[in-house]
Amino acid sequence: MIPVQRAETFYLPPPSMPPDAWILVAPAELVFRWVEQRTQRRLVMPDGFMIGQRLFARVNHNRWVADCPCGSAQVVSPDDHRMACTECGYGWVRLIFPDDPAAVEAAVEDELPHLRNWRHEDDPKGATV
């Protein structure tokens, strides 16, 4: 069985580093390390949250993702309900996940990985089951 990808299984250190090099990095912060490694530039993480803002997490082609208002997206994790954009600098924003992410993952597991898609029922962009 191929599990649904989460930030902690998607954003991994490069082969030149030990596999556990980022083990103490929070899932939402892994994307910053990953982008820094690939672009060879330093990124500054936001200090605070975008008050009153929220984004919906969804399963897209077997990955938990969230879309930034700028049009970028990143892999996220139900174990860390926040996201900040490495593209536009949009600060930390609260992510809305389903009450039971494991149940969503189980609901899509019979599909081929590239067909595994799901949206939250409260997401104004439309829910899928």
Side-chain angles (χ1 to χ4, degrees):
M1 182 57 61
I2 299 171
V4 175
Q5 289 280 305
R6 297 176 174 205
E8 56 269 34
T9 58
F10 187 84
Y11 298 117
L12 300 174
S16 61
M17 297 177 77
D20 63 351
W22 298 345
I23 197 79
L24 298 177
V25 179
E29 298 172 11
L30 287 169
V31 65
F32 284 86
R33 295 279 176 97
W34 192 83
V35 170
E36 285 178 340
Q37 283 293 317
R38 276 144 189 84
T39 62
Q40 294 298 299
R41 65 184 175 100
R42 186 81 173 137
L43 297 176
V44 178
M45 279 190 267
D47 288 332
F49 274 81
M50 303 292 289
I51 297 172
Q53 301 298 309
R54 67 182 189 162
L55 299 172
F56 286 90
R58 62 190 171 95
V59 175
N60 173 259
H61 297 277
N62 203 47
R63 304 161 299 173
W64 281 106
V65 298
D67 301 299
C68 179
C70 78
S72 183
Q74 59 187 245
V75 179
V76 295
S77 175
D79 293 331
D80 193 342
H81 289 222
R82 61 194 174 119
M83 181 189 103
C85 187
T86 59
E87 294 292 320
C88 73
Y90 195 68
W92 291 116
V93 63
R94 183 174 151 244
L95 296 177
I96 307 299
F97 281 89
D99 292 334
D100 189 353
V104 169
E105 293 173 0
V108 299
E109 73 183 356
D110 290 337
E111 297 288 338
L112 293 171
H114 69 282
L115 297 175
R116 293 179 185 171
N117 298 295
W118 175 91
R119 280 192 187 272
H120 196 284
E121 61 188 20
D122 295 335
D123 188 340
K125 295 179 183 168
T128 59
V129 181

Consider only side-chain heavy atoms of I, L, V, M, F, W and Y, link residues closer than 4.5 Å, and tell whether Met45 and Phe49 are in one cluster.
yes

Under 6.0 Å from the CG atom of Asp47, do we count more than 12 heavy atoms belonging to anything else shown?
no

At what distance, to the nearest 0.5 angstrom, does CG of Leu30 lie from CD1 of Ile23?
9.0 Å

Salt bridge (Lys or Arg N to Asp or Glu O under 4.0 Å) contacts in which one or both residues fall within residues 24-35, not counting sequence neighbours:
Glu29-Arg82

What heavy-atom pair brings Cys88 and Cys68 nearest, and what distance separates the two atoms?
SG-SG, 3.6 Å

Find out whether Asn117 and Val59 are in side-chain contact, i.e. whether some heavy atom of one side chain is under 4.5 Å from a heavy atom of the other.
no

Any chance you could measure Asp100, atom CG, to Glu105, atom CD, to the nearest 0.5 Å?
9.0 Å

Count the heavy atoms of every other residue, nucleotide or ligand shown that sit under 6.0 Å from CD1 of Ile51, and state whether that count exceeds 12.
no

Report yes if the side chains of Pro27 and Phe10 come closer than 4.5 Å at any heavy-atom pair, otherwise no.
no

Cluster check Val75, Met83: I/L/V/M/F/W/Y, side chain < 4.5 angstrom
no

Do other residues, nucleotides or ligands put more than 12 heavy atoms under 6.0 Å from the CZ atom of Arg38?
yes

Using modelled atom types and a 3.5 Å cut-off, is there a donor and acceptor pairing between side-chain atoms of Trp64 and backbone atoms of Pro78?
no

Would you mind reporting whether Val25 and Phe32 have side-chain heavy atoms less than 4.5 Å apart?
no

Side chains of Ile96 and Asp122, heavy atoms from C-beta outward: is any pair under 4.5 Å?
no

Checking side-chain contact (heavy atoms from CB on, under 4.5 Å) between Tyr11 and each of Gln74, Gln5, Arg6, Gln37, which is the one that passes?
Gln74

Nearest 0.5 Å please: distance from the CZ atom of Arg94 over to the CZ atom of Phe56.
9.0 Å

With side chains defined as the heavy atoms from C-beta onward, is the minimum distance between Cys70 and Tyr90 less than 4.5 Å?
no

Looking at CG of Leu55 and CZ of Phe97, how far apart are the two atoms once the value is rounded to the nearest 0.5 Å?
10.5 Å

Between the main-chain N or O of Pro3 and the side-chain N or O of Asn62, is there a donor-acceptor pair closer than 3.5 Å?
yes

If I take atom CD from residue Glu111 and atom CD1 from residue Ile2, how far apart are they, to the nearest 0.5 angstrom?
13.0 Å

Hydrophobic cluster identity match, Met50 and Leu95, side-chain contacts under 4.5 Å
yes

Taking C-beta and beyond as the side chain, do Pro98 and Trp118 meet within less than 4.5 Å on heavy atoms?
yes

Quick one: CD on Glu8 to CH2 on Trp22, what's the gap to the nearest 0.5 Å?
13.5 Å

How close do Thr86 and Arg41 get, counting heavy atoms only, and between which atoms?
O-NH2, 4.1 Å

So which heavy atom on Asp80 is nearest to which on Ala26, and how close?
OD2-CB, 3.6 Å

Under 3.5 Å, side chain of Arg116 to main-chain N/O of Glu109, donor-acceptor pair present?
yes

Sidechain N-carboxylate O distance under 4.0 Å for Asp123, Arg58:
no

